Amino acid sequence: MNYVMHYCRNKNCNNGWIDKDLTSVKTYPPAWKYCRECAERMGIGFEKQKPSDYRSEEEKEITNLKLQKSIQARRLKQCF
């Protein structure tokens with residue numbers, strides 16, 4: 001398991017902590033997680049936060065398109 005330095009997603013918060021690397025870090029520092037204090041204030045479960053929860057609609061659409069293309073490619077491959 002790799003670990004990474006996180007900084008709180010709340011721009012007005014200066015908390016940082018070391019946590020498990022769930023995304024194979026694509027941005028430095030990772031910008032998707034709230035610190036424990038901010039999560040509690042917002043009513044979000046700190047441990048339940050996932051990177052996919054913070055994707056924009058455009059990023060979700062791109063991921064969905066890639067998934068659909070992958071499924072189609074697998075189906076074509078099975079036909080041959």
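Because the structure is a prediction, the values reported are computed rather than measured.
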* With sequence neighbours excluded, tell me which residues meet ring pair (Phe, Tyr, Trp, His ring centres under 6.0 Å) with Phe46. => Trp17
* Could you list the residues that satisfy side chain to side chain donor-acceptor pair (under 3.5 Å) with Arg36, not counting sequence neighbours? => Glu47
* Transitively linked via ILVMFWY side-chain contacts under 4.5 Å: Leu65 with Leu67? -> no
* Ile71 and Arg75, any side-chain heavy atoms less than 4.5 Å apart -> yes
* Asked: Roughly how far, to the nearest 0.5 Å, is the CD1 atom of Ile18 from the CE atom of Met5?
  -> 6.0 Å
* Asked: Between Asn15 and Glu37, is a side chain to side chain contact (heavy atoms under 4.5 Å, CB included) present by the stated rule, with each step listed?
  -> CA-CA 9 Å; Asn15 284 340; Glu37 292 82 16; 3.0 Å; yes
* Structure fact -> Heavy atoms of Lys20 and Val4 approach each other most closely as O-CG1, 4.3 Å
* Is any side-chain heavy atom of Tyr3 closer than 4.5 Å to a side-chain heavy atom of Asp21? -> no
* Structure fact -> Closest non-hydrogen contact found for Cys8 with Cys35 is SG-N, 3.3 Å
* Between Gln49 (side chain) and Tyr34 (backbone), is there a donor-acceptor pair under 3.5 Å? -> yes
